[in-house]
Amino acid sequence: MLRGESTGRCVVWIGRPSVEEHFGLIRAGWRTLVADPARCDGDLPECGDSAIAVADLRANQQDALRILSSLRQVHPGIPWIGLTGTPPAMAHATLRQVLAGAFEVIDGPSSLGALRQALARIPGDAELTHDDEPSLLTGSSAAIRALSQNIRKFAPVELPLLITGETGTGKEMAARTLHELSHRRGKPFAAINCGALPANLVQSELFGHERGAFTGATARRIGHFESADGGTVFLDEIGDLPLDAQTNLLRVLQEGTIERIGSCQSIKVDVRVLAATHVDLEKAVAQGRFREDLFYRLNVLRLRMPPLRERTGDIELLAQHFLDAFRESYGTRARTFSAAARRAMNAFPWPGNVRELMNRVQRAAVIADDALISPSDLELDVDASPAMERNSLGSARTSAEREAIVDCLRASSFNISECARRLRVSRVTVYRLCKKHQLALDQLR
Ligand SMILES: Nc1ncnc2c1ncn2[C@@H]1O[C@H](COP(=O)(O)OP(=O)(O)OP(=O)(O)O)[C@@H](O)[C@H]1O
Ligand SMILES: [Mg+2]
């Protein structure tokens, strides 16, 4: 018996199916509802919770994605299949990210057969547990699936959220994904790195100032909280927020109001606050560097981004994802990874997490002479034989250390104090590491 018949499930086709596709599905026993972007003006078909969506991205891609997103708002767990056409209409990274959440992506010329097979593979209601829900972020590990589940649960809840995790684990990406899944999507998403703002400008950046509020304030300035009204403010490195700004943030969270510097008029703002930290905020509270009441306000919902080394199975998936994305923009010989490269990647501890993996893959894609990327292209010359493993990992760690310090220096605009603070080491250590890895700061700058 056909799945459509057996379960009474229906297909919501987002786009315009050909006559053959439409009737082909009906003939195969699927109840088929069409959400044609040209006609569907915000109204979604009534499909119930057991529907499967087909996002037809072959023609009106933007509109199809918009309708898909609305449908997923109403039915957060709805499985969906992406039809990308020929050549695959996957021009930009955002689309890739969206497609990563698809149950299956069908490239190439329209094939009713492939579609029917894909539909048949999707588990029925009883089988579709949360664990089976497609992942929102690239990856299929248990850790990333659990994270996706929490993002889905937290998106519609209007409470602050604290995202924790090591550097490069995707904290900002998770925050953006959550914003896109919330009813605030389409409204501003303001990402502010609290650690990068000079202490004397933080308040003005966040809350704005009136003309003449301080020397140099020659005109009124609207802060991020005001300009993101209706949307989401993402405060990265919240642990670096100075104490006076923490007090004002608490006020936003408690009363939903701000005051521009130099004004005593309260302004109502409607923003959801998401915050991220790679430092231990509990410790900062214990040391008096972070307000305890603010910590409890922010810590209502919490997302922990797993380090890459805990994401068993995701490393190769992400590596291929970054390589494919790179190949779309640049013609490279490299198509995939050799078995040795895969072993090396899986054995490496990835101190810089997903960002480091992306950087290594991009560099390897540029320098690889072959269709298969080798461990040395990735600068991971790890021989996976157990006897060699320790030494090789040692050298891989050394090169990762060099990479991490160079990345951090760049991110800190080569300011040693800033870099030391980010790495949570002393300035002397930063200088020592530069010397150890023969990094000439003057040249790098
Ligand atoms: N699951 C993922 N799929 C694709 N790209 C990812 C994923 N997770 C992270 N990335 C990429 O890795 C890089 C680092 O991600 P992001 O900036 O979100 O990390 P972060 O935790 O905020 O880092 P930091 O602590 O340094 O601020 C970005 O370029 C992001 O696009
Ligand atoms: Mg970040």
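As the structure is a computational prediction, the values presented were derived from the model and not from experiment. Indexing begins at 1, ligand by ligand and atom by atom, following the structure's order. Throughout, numbering of the chain's residues begins at 1 and tracks the sequence.
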- Message: Please tell me whether R221 and S227 have a donor and an acceptor in their side chains that are separated by less than 3.5 angstrom.
- Response: no
- Query: Just by distance, do the side chain of D107 and the backbone of T84 share a donor-acceptor pair under 3.5 Å?
  - Reply: no
- Please state which part of M358 comes within less than 4.0 Å of ligand 1, counting heavy atoms only: side chain, backbone, both or neither. side chain
- Item | Worked verdict on R184 versus E158 for salt bridge (charged side-chain N to carboxylate O under 4.0 Å, His left out) | CA-CA 10 Å; R184 293 174 180 270; E158 286 285 293; 2.5 Å; yes
- Task: Using the side chain to side chain donor-acceptor pair (under 3.5 Å) rule, take R272 and S182 through it: C-alpha gap first, then chi angles, then the decisive distance, then the call.
- Result: CA-CA 10 Å; R272 182 170 183 191; S182 78; 5.4 Å; no
- So which heavy atom in the protein is nearest atom 10 (N) of ligand 1, and how far is it from that ligand atom? V354 CG1, 3.5 Å
List the atom pairs, donor and acceptor, that lie under 3.5 Å between side-chain atoms in residues 405-413 and the rest of the protein, sequence neighbours left out.
unit_1 : atom_1 : unit_2 : atom_2 : d
S412   : OG     : C408   : O      : 2.6

- Query: Is the Lys NZ or Arg CZ of R360 less than 6.0 Å from the centre of F348's six-membered ring, within 45° of the axis?
  - Reply: yes
- Please tell me if the side chains of E180 and S69 come closer than 4.5 Å, counting only heavy atoms from C-beta onward. no
- Message: Do the side chains of K268 and D229 get close enough for a salt bridge, i.e. N-O under 4.0 angstrom?
- Response: no
- Item | Any M305 heavy atom less than 4.0 Å from ligand 1 | no
- Task: Among all protein heavy atoms, pick the one closest to atom 20 (P) of ligand 1 and tell me residue, atom and distance.
- Result: K171 N, 3.4 Å
- Query: How far is atom 15 (O) of ligand 1 from its nearest protein heavy atom, and which residue and atom is that?
  - Reply: G170 CA, 3.6 Å
- Query: Ignoring waters, how many protein N/O/S atoms are under 2.8 Å from the Mg ion (ligand 2)?
  - Reply: 1
- Message: Among all protein heavy atoms in this structure, tell me which lies nearest to atom 14 (C) of ligand 1, with the distance rounded to 0.1 Å.
- Response: R355 NH2, 3.8 Å
- Classify the contact between L318 and ligand 1 as side chain, backbone, both or neither, using a heavy-atom distance cut-off of under 4.0 Å. side chain
- Give a yes/no on ligand 1: does R176 have at least one heavy atom closer than 4.0 angstrom to it? no
- Message: Is a donor from one side chain sitting under 3.5 angstrom from an acceptor on the other, for T169 and N353?
- Response: no
- Could you establish whether G168 and ligand 1 come within less than 4.0 Å of each other, counting only heavy atoms on the residue side? yes
- Item | Taking atom 22 (O) of ligand 1 as the reference point, the nearest protein heavy atom with its distance | E172 N, 3.2 Å
- Give the residue and atom name of whichever protein heavy atom lies nearest to atom 3 (N) of ligand 1, and the separation in Å to one decimal. T138 OG1, 3.0 Å
- Item | Protein heavy atom at shortest distance from atom 7 (C) of ligand 1 | M173 SD, 3.2 Å
- Query: In terms of the angle between their ring planes, are H209 and F214 parallel, tilted or perpendicular, with boundaries placed at 30° and 60°?
  - Reply: perpendicular
- Item | Side-chain donor-acceptor pair present, N248, Q203, cut-off under 3.5 Å | yes
- Query: Of the backbone atoms (N, CA, C, O) and the side-chain heavy atoms from C-beta on, which set of D236 has a member under 4.0 Å from an atom of ligand 1: side chain, backbone, both, or neither?
  - Reply: side chain
